[in-house]
Amino acid sequence: MSATVPSVLRHKAGPLRPFTVGAGGFVLLGTGHLALAVAAAWGDRSPEQEASSAAMRASSVTLLGLERSTLDVVHGMSSVMALFIISTALLALFAARHAPALVERRTAFGWTLLAVSLVGLALSVVFLPPPPIVVLTVTSCAFALSLRRAA
């Protein structure tokens, strides 16, 4: 039995578990963002929110011959970014499952996700409310721990 205990402990102390937590945080961030966007679109709006939406509908942007209201651009970019975060997280989870060496060794794969998480955290601290700040703090710590545990 003593021969199996160290292998169990080594497995638990490996880089895959914190990496999975970090990638799962990205999934949570993207799906949470989309859920809140849908809830806000379907919810009751205050007079201030209606005035803001009306002003954004009245303002438009033309790029490459396509004219869009500022409101459409903001909603579209927000939704696309949330979908990209979810896609990135799912690809990271898939890669970790099918090519664990990408996580078990300190590769650019792990460093890139840590860098993205830290940049997202910095931007969130400046521009966003607490929920994404908390999630991105957890993802950054998880990716950093994964890299620290990697060979």
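Throughout, residue positions are numbered sequentially from 1 according to the sequence presented.
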Residue from Leu29, Leu28, Val116 passing side-chain contact (heavy atoms from CB on, under 4.5 Å) with Ile85: Leu29
Non-hydrogen atoms of Pro132 and Pro129 that approach each other most closely: CD-O, 3.1 Å
Ring pair (Phe, Tyr, Trp, His ring centres under 6.0 Å) contacts touching residues 21-48 (sequence neighbours left out): Phe26-Phe143
Co-membership, hydrophobic cluster, residues Leu121 and Phe127, 4.5 Å side-chain: no
Check: Arg57 main-chain N/O paired with Ser69 side-chain donor or acceptor under 3.5 Å: no
Residues forming a side chain to side chain contact (heavy atoms under 4.5 Å, CB included) with Leu91, sequence neighbours excluded: none
Polar side-chain atom of Arg45 near backbone of Glu50 as donor-acceptor pair, under 3.5 Å: no
ILVMFWY cluster, Phe19 and Phe94 together (side-chain gap under 4.5 Å): no
Qualifying side-chain hydrogen bond (donor to acceptor under 3.5 Å, both in side chains) pairs, either residue in residues 79-93, two or more places apart: none
All side chain to side chain contact (heavy atoms under 4.5 Å, CB included) counterparts of Ser52, not counting sequence neighbours: Met56
Remaining members of the apolar cluster that contains Leu93, side-chain heavy atoms under 4.5 Å: Val27, Leu34, Leu83, Ile86, Leu90
Closest contact, heavy atoms only, Pro18 versus Ala142: O-CB, 3.1 Å
Shared-cluster residues of Val138, by chain and number - hydrophobic side chains joined below 4.5 Å: Val21
side-chain hydrogen bond (donor to acceptor under 3.5 Å, both in side chains): pairs with one or both residues in residues 102-123, sequence neighbours excluded: Ser117-Thr139, Ser117-Ser140
Linked hydrophobic residues, Leu64 as query - side chain contacts closer than 4.5 Å: Leu63
Heavy-atom pair with the smallest gap, counting every atom of Val103 and Ala96: CG2-CB, 3.9 Å
Close side-chain approach of Arg68 and Ser60, heavy atoms under 4.5 Å: no
N/O donor-acceptor pair under 3.5 Å between Thr137 side chain and Ile133 backbone: yes
Cluster check Leu118, Phe109: I/L/V/M/F/W/Y, side chain < 4.5 angstrom: yes
Residues that Glu48 engages under side chain to side chain contact (heavy atoms under 4.5 Å, CB included), provided they are two or more places apart: Ser46
Residues clustering with Met77 (ILVMFWY side chains joined when closer than 4.5 Å, directly or via others): Val73, Val80, Met81, Phe84
Shortest non-hydrogen separation from Ala92 to Leu113 and the atoms involved: CB-CD1, 3.8 Å
Contacts of type side chain to side chain contact (heavy atoms under 4.5 Å, CB included), residue His75, not counting sequence neighbours: Leu71
Close side-chain approach of Leu16 and Pro100, heavy atoms under 4.5 Å: yes
Any pair counted as side-chain hydrogen bond (donor to acceptor under 3.5 Å, both in side chains), so long as it reaches residues 90-102, sequence neighbours left out: none
